[in-house]
Peer 1: 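The structure's right below; bear with me while I get my questions together.
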Amino acid sequence: MLGKYENFPLNVHFLKSFSSTVSSKQLQQKLIKTLNNLNRKPFRFEEITIPTIPNGEVLFEFGIAEEEYFNFLNEQEVNRALNTLKTAQVLLDFFCVIRYYKYQAQKKIALKFDYYIFRTSFTVKAVEFQVFHKQGPRYIAPEELVTVIIDNINKAAIKQVLNENTI
């Protein structure tokens with residue numbers, strides 16, 4: 001089934017809930033479109049977190065789950081996922097590769113990557129992120145990954161869509 005990863009880990013490294021001003025279906029659509037827009041878009045390290053790599057660059061690559069595999073998001077996969085959402089969907093699982101680069105003498109040098117798996121569970125006017133760090137140096141923490149996603153969903157909307165839940 002598109003959107004569900006059969007081997008999602010039981011123990012996660014980060015868990016956070018957000019309230020939403022839109023329906024679950026609209027939020028799912030916004031999430032998929034936002035992840036696609038973030039794909040392969042270069043960021044300066046300072047735009048994401050406190051830089052551990054001077055003159056560093058960060059690129060995100062997202063994939064959507066399909067049973068025990070992930071399909072990297074592109075226009076075709078986005079359209080396929082949006083069509084799948086026309087039927088009820090209560091969670092979506094994604095894979096994220098965070099690529100790190102540094103520049104030395106005008107040369108771009110690839111560093112080790114981070115690999116994350118995250119699950120988004122949707123309820124009426126809310127979403128929960130469960131993030132698992134699979135491997136890598138963890139230059140960007142799980143909570144920073146979620147912040148990048150939430151901030152970009154809110155930036156793309158006319159009004160703020162997601163707010164942090166406080167207990």
Side-chain angles (χ1 to χ4, degrees), residues 2-20 22 24 26-66 69-74 77-78 81 85 89-102 110-123 126-157 160-167:
L2 185 66
K4 184 167 190 232
Y5 182 52
E6 297 296 330
N7 300 314
F8 194 85
L10 296 176
N11 298 319
V12 295
H13 297 117
F14 181 72
L15 178 70
K16 186 78 169 187
S17 295
F18 296 87
S19 60
S20 173
V22 297
S24 294
Q26 289 173 310
L27 186 54
Q28 290 171 333
Q29 292 167 345
K30 288 180 184 301
L31 174 63
I32 290 169
K33 289 176 183 177
T34 297
L35 296 180
N36 186 50
N37 289 337
L38 287 172
N39 258 348
R40 297 187 177 95
K41 179 182 172 186
F43 290 91
R44 288 180 301 114
F45 219 106
E46 295 81 6
E47 293 177 275
I48 308 297
T49 187
I50 297 170
T52 54
I53 303 168
N55 300 317
E57 184 178 86
V58 177
L59 282 114
F60 297 94
E61 291 186 357
F62 293 96
I64 190 166
E66 186 165 18
Y69 302 102
F70 291 91
N71 303 323
F72 279 97
L73 286 178
N74 57 27
E77 282 301 319
V78 167
L85 290 177
Q89 189 88 13
V90 293
L91 63 87
L92 291 170
D93 296 336
F94 297 94
F95 182 72
C96 177
V97 177
I98 305 176
R99 297 171 169 261
Y100 304 105
Y101 298 93
K102 70 177 182 177
L111 304 172
K112 291 185 177 182
F113 303 161
D114 273 316
Y115 298 91
Y116 283 98
I117 299 171
F118 65 95
R119 171 167 282 170
T120 53
S121 302
F122 299 86
T123 59
V127 62
E128 179 182 82
F129 282 79
Q130 299 173 35
V131 184
F132 178 78
H133 181 255
K134 191 165 177 63
Q135 72 180 54
R138 210 170 182 173
Y139 291 137
I140 294 178
E143 53 270 24
E144 293 167 325
L145 172 61
V146 171
T147 298
V148 167
I149 295 167
I150 298 303
D151 288 351
N152 278 276
I153 288 172
N154 284 332
K155 278 184 206 172
Q160 189 160 334
V161 174
L162 293 166
N163 297 298
E164 188 174 327
N165 282 347
T166 54
I167 298 174

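Each residue takes its place number in the sequence, starting with 1.
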Peer 1: Could you list the residues that satisfy salt bridge (charged side-chain N to carboxylate O under 4.0 Å, His left out) with Asp114, not counting sequence neighbours?
Peer 2: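 None.
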Peer 1: Who pairs with Lys134 by salt bridge (charged side-chain N to carboxylate O under 4.0 Å, His left out), at least two apart in sequence or on another chain?
Peer 2: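 Residues passing salt bridge (charged side-chain N to carboxylate O under 4.0 Å, His left out) with Lys134: none at all.
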Peer 1: What side-chain hydrogen bond (donor to acceptor under 3.5 Å, both in side chains) pairs are there with at least one residue in residues 6-16, not counting sequence neighbours?
Peer 2: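 The answer is Lys16-Glu164.
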Peer 1: Can you list the residues that meet the side chain to side chain donor-acceptor pair (under 3.5 Å) rule with Thr34, with sequence neighbours excluded?
Peer 2: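 Thr34: no side chain to side chain donor-acceptor pair (under 3.5 Å) contacts found.
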Peer 1: Provide the full list of salt bridge (Lys or Arg N to Asp or Glu O under 4.0 Å) pairs with a residue in residues 30-42, sequence neighbours left out, each pair given once.
Peer 2: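 Passing the test, one end in residues 30-42: Arg40-Glu61.
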Peer 1: Mind checking what makes ring-ring contact (aromatic ring centres under 6.0 Å, His included) contact with Phe70, not counting sequence neighbours?
Peer 2: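 With neighbours one apart ignored, the set is Tyr5, Phe95.
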Peer 1: Can you list everything that forms a salt bridge (charged side-chain N to carboxylate O under 4.0 Å, His left out) with Arg138? Sequence neighbours excluded, please.
Peer 2: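 If we apply the salt bridge (charged side-chain N to carboxylate O under 4.0 Å, His left out) test to Arg138, skipping adjacent residues, there are no hits.
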Peer 1: Name all residues meeting the ring-ring contact (aromatic ring centres under 6.0 Å, His included) criterion together with Phe43; count only those two or more places apart in sequence or in a different chain, and write none if there are none.
Peer 2: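 Phe60.
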Peer 1: Can you list everything that forms a side chain to side chain contact (heavy atoms under 4.5 Å, CB included) with Pro9? Sequence neighbours excluded, please.
Peer 2: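 Result, side chain to side chain contact (heavy atoms under 4.5 Å, CB included) vs Pro9: Phe132.
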Peer 1: Just to verify, what does Leu15 make a side chain to side chain contact (heavy atoms under 4.5 Å, CB included) with, not counting sequence neighbours?
Peer 2: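 So Leu15 forms a side chain to side chain contact (heavy atoms under 4.5 Å, CB included) with Glu128, Gln130.
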Peer 1: Identify every side-chain donor-acceptor pair in residues 148-156 under 3.5 Å, counting partners at least two apart or on other chains, and give the distances.
Peer 2:
residue, atom, partner, partner atom, Å
Asn152, ND2, Val148, O, 2.8
Asn154, OD1, Val161, N, 2.8
Asn154, OD1, Leu162, N, 2.9
Asn154, ND2, Leu162, O, 3.1

Peer 1: According to side chain to side chain contact (heavy atoms under 4.5 Å, CB included), who are the partners of Glu66, at least two apart in sequence or on a separate chain?
Peer 2: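 Listed in chain order: Leu2, Asn71, Arg80.
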